[in-house]
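The structure displayed is predicted, hence computed values, not measured ones.
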2 protein chains.
Amino acid sequence: MRAHGSRHPLGYALSNRYSVPMPTPTSDAPAARPTGPVTLQQVAERAGVSSATASRALHGSSGTRIVGEELRKRVLDAARELRYVSNAPAQALARSTTSVVGVVVHDVADPYFAAIAAGAMGVAREHGLLVMLAATFRDPELELDYLARLRAQRARAVVLAGSGFADREFTRRLAAEVDAYRADGGHVIAVGSHGIAADTVRPANRAGAALAVRHLYDLGHRRFGIVSGPRALTTVRDRLDGARRQLRSLGLPLTPSQVVDGGFTREQARTAARTLLTGPSAPTALVVLNDVMAAGVLAALREDLGLRVPDQVSVVGFDDVPFAADLNPPLTTIRLPLADIGTQAMHMILTGPTVTPRTVDVDAELIPRSSTAPAPAPAPTP
Amino acid sequence: MRAHGSRHPLGYALSNRYSVPMPTPTSDAPAARPTGPVTLQQVAERAGVSSATASRALHGSSGTRIVGEELRKRVLDAARELRYVSNAPAQALARSTTSVVGVVVHDVADPYFAAIAAGAMGVAREHGLLVMLAATFRDPELELDYLARLRAQRARAVVLAGSGFADREFTRRLAAEVDAYRADGGHVIAVGSHGIAADTVRPANRAGAALAVRHLYDLGHRRFGIVSGPRALTTVRDRLDGARRQLRSLGLPLTPSQVVDGGFTREQARTAARTLLTGPSAPTALVVLNDVMAAGVLAALREDLGLRVPDQVSVVGFDDVPFAADLNPPLTTIRLPLADIGTQAMHMILTGPTVTPRTVDVDAELIPRSSTAPAPAPAPTP
DNA sequence: ACGGAGCGGGAAAGCGCTTTCCCGTAAGCT
DNA sequence: AGCTTACGGGAAAGCGCTTTCCCGCTCCGT
């Protein structure tokens with residue numbers, strides 16, 4: 001099998017240490033894998049060619065250089081026999097480029113991010129990219145950290161899928177890190193507003209929230225309540241702002257007591273909802289700033305408060321995560337094409353960075369289901 | 001990104017130290033970043049030390065070598081000023097080890113995998129590991145592919161979180177790839193049975209399914225239906241087998257017509273449920289092999305078939321994904337501590353590979369909710 | 001017959017780190 | 001003093017690739 005057992009691998013491989021001619025002990029074990037990962041050099045030796053040729057044969061690229069039919073086959077065979085896979089770090093170092101992209105989310109377990117990530121990963125697969133997924137668990141500090149680590153990895157691009165944080169100082173630091181990354185040849189894509197100049201995929205958060213309000217208003221609701229999220233998140237700000245503006249333009253300006261923070265989690269939202277629904281003029285219409293919280297709100301209404309949805313209270317969610325239609329009752333919500341967001345971000349990576357940042361807008365759409373209905377008969381006002 | 005032609009052939013040796021007193025041109029541009037990524041060399045120059053010292057100062061490790069207080073500070077300052085992050089691929093090459101671990105799942109958007117991934121990522125974060133997430137979309141071929149790519153990346157370990165495939169030939173190839181990976185110093189952790197010898201986290205799929213059956217039996221149900229998944233998945237086989245054995249030992253052996261394939265997706269399961277519930281002696285008890293499908297089944301029952309759950313039909317799911325409690329009605333299900341599974345797998349990575357494969361068992365638990373109730377009065381049997 | 005032009009292959013220079021030697025200096029002993 | 005140890009620092013050898021040169025061929029046109 002080994003046609004070149006007698007080759008004398010002088011020069012390169014041995015040049016460093018062994019000046020004394022020695023019998024190259026490894027060379028007669030047929031397909032026995034030597035210790036440690038197989039190197040290109042070993043493949044080359046087995047094929048009886050130089051490592052340069054082996055490299056060219058295996059990665060055809062390198063300019064227009066073509067390896068002869070015969071040699072190419074020998075190399076390919078040798079590689080297969082040895083189960084050779086090239087050392088990606090070494091390759092990255094030599095080429096000074098990698099095929100990994102980073103995706104930074106708040107939490108993979110959150111269906112919103114899971115869906116976006118899934119969209120991104122689909123595209124990554126199609127294009128042979130590897131995805132490094134980083135979850136910040138909503139800690140801005142970690143976001144910065146991961147960005148630096150991704151820069152260290154020489155990730156070709158990173159998608160900042162989590163919401164931005166509305167914090168002056170943080171934004172400054174983020175921008176600095178992003179600049180550094182870009183200066184190194186990296187490409188940053190933001191989902192939503194992060195306060196940085198970068199290619200961005202911008203979901204219609206404001207318009208979506210306005211849609212939700214409008215829908216409820218058209219159903220006759222006049223008493224609104226909002227289950228918000230952490231105000232520091234730009235996504236929250238945008239959605240809240242969209243709702244607020246729409247309400248104001250409808251002549252129903254929002255007061256602080258109408259808004260509670262549901263922490264973007266089911267449990268907190270459930271608690272928050274109880275607060276909101278307590279008191280004399282409790283709202284009949286709830287705009288919940290994401291579906292995960294809406295699930296909590298629905299639970300609160302049904303189990304804690306004993307209020308019927310949509311008969312007594314209407315609620316609309318946001319995002320249209322997969323389970324929205326399975327809630328009780330099926331949730332009217334503002335759909336964001338989540339997988340698309342991931343896909344779009346990925347496509348921006350594929351087309352590479354441009355001189356001026358691009359923005360692709362992603363529309364929101366109202367998906368009416370059974371959690372909304374006409375407002376109940378008005379309370380007995382004399 | 002790469003400055004070639006202009007390099008002095010002896011660049012390295014010369015530029016290293018200024019034997020000739022020279023004004024070190026870079027040092028007076030305070031934070032002006034040179035072109036391309038900053039290198040250790042540049043940091044060293046700015047700090048006026050050798051790259052060896054710079055390396056030691058930045059990564060303290062290297063044996064017991066300690067860098068003097070003074071120099072260390074100079075290096076750290078220089079690094080900060082230049083926003084230096086070390087080139088991970090280069091580092092990986094030199095150290096021949098990385099801090100990335102791979103996690104291979106079927107689909108991130110599936111809450112089952114999302115939860116496992118989240119658990120794993122939490123641990124990864126605590127230990128400074130970077131996670132490469134690969135989604136196979138249930139294509140075995142891709143699983144092999146990713147494993148090879150992860151090997152190429154010199155990922156320190158990989159977690160095979162997706163279900164195994166019960167296919168002789170595939171298993172053989174997987175084993176070969178895993179062996180190659182291990183021979184290269186990698187560490188493989190499997191979740192569930194993959195037919196390979198590796199550390200594994202083993203969820204109680206059989207026992208869980210038995211639990212589900214038993215629960216329904218105890219409620220008086222005698223006519224069972226099972227919404228299964230693709231038979232090729234070992235997870236499906238195990239769960240199905242668990243249910244089947246339990247039924248048999250209860251004197252109710254399963255016939256082929258009692259089992260339908262719900263494809264592990266909501267939509268397919270919805271369709272499958274319609275089939276199952278059609279016919280003379282339709283089941284009153286449904287065991288659905290995962291919660292995602294259960295959502296579809298519930299929808300079918302409620303919207304397509306007009307059957308009340310649990311009054312007319314009881315259903316129990318599997319996994320207890322986060323939204324299970326929010327379904328209509330809240331789903332009785334077999335809980336698997338998903339995040340734990342991810343955590344455990346990660347911990348096995350941290351403790352490193354052992355001579356003989358370890359197994360950690362993960363228990364399943366019945367979570368009774370409102371989708372199950374005593375069997376309806378038996379059909380009029382004379 | 002002869003001087004390119006092309007082509008296919010190999011030698012070797014890097015890529016940016018880590019780590020092994022090696023070395024000068026300052027302590028620590030006798 | 002003389003000698004051994006540490007100790008802290010630098011030079012340089014690699015790590016496993018890619019890619020630039022360079023070189024020997026064969027093939028052509030004239």
Asks: Ignoring backbone atoms, establish whether A:Y84 has a side-chain N or O less than 4.0 Å from OP1 or OP2 of D:dG16.
Replies: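 False: A:Y84 side-chain N/O out of range (4.0 Å or more) of D:dG16 OP1/OP2.
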Asks: Between B:L93 and B:T53, which has a closest nucleotide on DNA chain C that is more 5'?
Replies: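 Nearest-nucleotide comparison on DNA chain C picks B:L93.
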Asks: Out of C:dA12, D:dG10, C:dG16, which nucleotide sits closest to the side chain of A:A52?
Replies: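 The nucleotide sitting nearest to the side chain is C:dA12.
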Asks: Which sits closer to the 5' end of DNA chain C, A:G68 or B:A90, going by the nucleotide each is nearest to?
Replies: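 So the residue in question is A:G68.
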Asks: Could you tell me whether the phosphate oxygens of D:dT18, OP1 or OP2, come under 4.0 Å of any side-chain nitrogen or oxygen in A:S55?
Replies: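 So the side-chain polar atoms of A:S55 do come within 4.0 Å of the phosphate oxygens OP1 or OP2 of D:dT18, strictly under.
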Asks: Both A:P89 and B:A54 contact DNA chain D. Taking the nearest nucleotide for each, which residue is further toward the 5' end?
Replies: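 Nearer the 5' end of the strand: B:A54.
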Asks: If you measure from the Lys or Arg side-chain nitrogens to the Asp or Glu carboxylate oxygens, is any gap between A:K73 and A:D77 under 4.0 Å?
Replies: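 Salt bridge: yes.
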Asks: Taking the minimum atom-to-atom distance to the side chain of A:A94, which one of D:dG14, C:dG14, D:dG10 wins?
Replies: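 Nucleotide nearest to A:A94's side chain: C:dG14.
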Asks: More 5' along DNA chain D: B:R154 or B:E69, using each one's nearest nucleotide?
Replies: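 Residue closer to the 5' terminus by nearest nucleotide: B:E69.
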Asks: Taking side chain to side chain donor-acceptor pair (under 3.5 Å) as the definition, give me every residue that meets it alongside B:S86, ordered by chain and number, with sequence neighbours left out.
Replies: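 If we apply the side chain to side chain donor-acceptor pair (under 3.5 Å) test to B:S86, skipping adjacent residues, the hits are B:Q91.
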Asks: Check the distance between C:dG8's C1' and A:R74's CZ and give it to me in whole angstrom.
Replies: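 About 13 Å, once rounded to whole Å.
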Asks: Just jot down the ring-ring contact (aromatic ring centres under 6.0 Å, His included) partners of B:H106, sequence neighbours excluded, or say none.
Replies: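 Per chain and number, B:H106 pairs via ring-ring contact (aromatic ring centres under 6.0 Å, His included) with B:F113, B:F165.
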Asks: Considering just the side-chain nitrogens and oxygens of A:Q91, establish if one lies under 4.0 Å of OP1 or OP2 belonging to D:dG16.
Replies: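 For D:dG16, OP1/OP2 do not have a side-chain N/O of A:Q91 under 4.0 Å.
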Asks: Within a radius of less than 6.0 Å around CD of A:E69, do more than 12 heavy atoms belonging to other residues, nucleotides or ligands occur?
Replies: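 Check fails, neighbour count at 12 or below.
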